[in-house]
K.L.:
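Mind having a look at this structure? Questions to follow.
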Amino acid sequence: MRDIIQLLPDAVANQIAAGEVVQRPASVVKELLENSVDAGATEIQLIVNNAGKTQIQVIDNGAGMTETDARMAFERHATSKIRKAEDLFKITSMGFRGEALASIAAVAQVHCKTKRDGDELGSELKIEGSKVTAQSYCQTPTGTIISVKNLFFNIPARRNFLKSDQVEFKHLIDEFERVAMANSRVAFSLLHNQNSVFNLPSGNLRQRIAGILGKKYNERLVPVQEQTSIVNLTGFVLKPEFARKTRGEQFFFVNNRYIRNNYLHYAINDAFQGLLSPDQHPGYVLFMEIDPAHIDVNIHPTKTEIKFDDEKSIFAIIRSSVKHALGQYNVVPTLDFERENAISVPPLKRGETVKMPGITVDPNFNPFASSTTPTAKGGGGLGYQKPAQSAQNTNWEALFKSETENVGAQLDLSQMHHDKHTAESGTLLQLQGGYMVRGTANGLMLLHKNRAHQRVLYEQFQRQFENQTGVSQQLLFPQQLNLPSGDLALLADFADDLRQMGFDIEFFGQQQLVVQGIPLALKESESLQALEEIIEDIKHDSRQFSLNKWHQMALIMARYGAIKPSRTLSAPEMEQLLADLFSCKMPQYCPAGKPTMVTLGANELENFFN
Ligand code: ADP
Ligand code: MG
């Protein structure tokens, strides 16, 4: 008898394997986005047409690949992420089977351009149905651009199996959201049929959740945090009153990888017991960190399912930490203060009229005016100049009103200023972690030192810029920065703006920037770091920068110049900070829009003891 067994041609084997990895456009999106994250990208753009059926493109600014690696990446079992089978148990990056790109290239028309930082030329590669049809050098920015066209062009049966654009797009968004949720420090955008669907700047988890699920979610989140010897749990659950009847707000990540696990979902459900009606689902975005040796993530080809060695303990830990978090939230709603994170407090509603408080306050009042001299050169002061008179005729009363309305406290500002010599309520105390607290007429006020100082500096820089009164202190040893000539040319356009902010800079030759003086309010190291960040901003998008230049510069400078939360202030310094804060136009927000203070009224205080 003749032998009948034959090895499948590679292309066919790849197509079959592809079936496991690539089920629909969403699977391609997931693999490409995860690769970009793995490549260290800080910015990832996803561009799709027709729900990804005709085109999926991912542009990242990650590490890029060499010419050979670019070619290798599309081979099956080609991966830079594991070398030995044991590595499978240690791996923490996203994909790790070395199959994704090969599978995608087996069932679509792929075009890849990639370049590493420092390489002069990038490589370009075209592959269709596993066949390389073109390979050459190209000009391309650092990072990788992969474009996947006409998915399943060579497997009509699979192509016909795809659902409507609507359904496929829903799957695609799900994958996009999961990767974006797990990597809040990475900026993501999604463009579908030329419409912007998401534009998520780099931020913290709270901001990312608000970016994905909606701004309102910022106020609906209850932080969860638990560290144990087997697992660390962090993230948020949704306050029970906002639970939905449909599922979709459940995100569970293990070692930063999205997973589905009914068992753990039950653990969270259990913790919400008594708080939800049976047809409601708890919402959560939880991250679990666990030693990869104790999990097996490879049991499912698309890797969303997972097995734990010790499921029972993990169940118990999750349930109790979520319960604990919910309990805390019920007890101390307004002291949920650890929000590095709070994005914004609602501003005045449109058209809302504001009633002036009944007391006239002298905003220039400063009980320590005589005892504090602003010092710039590292004396004992806070290192900022006192706000100019002109800035003090401000609309803070209105804002203050809205702030007190927000927190339901009747705070009397005049009381705060004038009481301090006599009444107990006026004493400022410093708390651990960068806060100050002061009693008010009928409650208390908590202040965030660093943010308050940022606000003060920010408005000071703004005034300097507007009045062209930026003041520099000369450096003993001028600092020299070497920059690529292109950067320097860009920067030259903003030289006068920088000088206005107090940077005394000169350009030498094609590549040298010499800093001779720095803003009065900043220390040398802070100034130089701020300057570098400003330069980065200009490089990143000079047009955007120029639209808003003083704001951009002041924001950065205030961030570097503001007192660190760990720094202990003297009593006069605290008073000075408070006085300066309340002479600001917008005392209750830091320049990034986060609250500088929280007030608790008598009612709220009473509630704690009920
Ligand atoms: P895996 O991610 O499992 O290693 P893939 O087929 O997804 O397998 O990718 C193969 C290899 O190609 C990766 O290990 C990585 O070295 C490289 N690669 C893929 N995408 C990118 C990217 N966007 N930037 C840089 N390198 C990439
Ligand atoms: Mg991968």
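Counting convention: from 1, in listed order, for ligands and their atoms alike.
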K.L.:
For atom 23 (N) of ligand 1, tell me which residue out of Ile59, Ile104, Asp60 has the closest non-hydrogen atom.
P.N.:
Asp60
K.L.:
Please work out, at 4.0 Å between heavy atoms, whether the side chain, the backbone, both, or neither of Ala100 comes within that distance of ligand 1.
P.N.:
both
K.L.:
Going by the rule ring-ring contact (aromatic ring centres under 6.0 Å, His included), which residues pair with His192 if we only count those two or more places apart in sequence or in a different chain?
P.N.:
Phe169
K.L.:
State whether the side chain of Ser189 and the backbone N or O of Asn199 hold a donor-acceptor pair below 3.5 Å, judged by distance alone.
P.N.:
no
K.L.:
Counting heavy atoms only, which of Met65, Glu34, Glu75, Glu99 comes nearest to atom 17 (C) of ligand 1?
P.N.:
Met65
K.L.:
If you measure from each non-hydrogen atom of Leu101 to ligand 1, which part falls under 4.0 Å: side chain, backbone, both or neither?
P.N.:
both
K.L.:
Under 3.5 Å between some N or O of ligand 1 and some N or O of Thr144?
P.N.:
yes
K.L.:
Can you tell me if Tyr137 and Glu67 form a side-chain donor-acceptor pair at under 3.5 Å?
P.N.:
yes
K.L.:
Between Lys539 and Glu536, is there a salt bridge with N-O shorter than 4.0 Å?
P.N.:
yes
K.L.:
So which bit of Thr114 gets within less than 4.0 Å of ligand 1, heavy atoms only: side chain, backbone, both or neither?
P.N.:
neither
K.L.:
CD of Glu526 to CZ of Arg559: how many Å apart, nearest 0.5 Å?
P.N.:
12.0 Å
K.L.:
Could you tell me whether Glu168 and Lys53 have a side-chain N and a carboxylate O separated by less than 4.0 Å?
P.N.:
no
K.L.:
Pairs of nitrogen or oxygen atoms closer than 3.5 Å, one from Glu31 and one from ligand 1: do any exist?
P.N.:
no
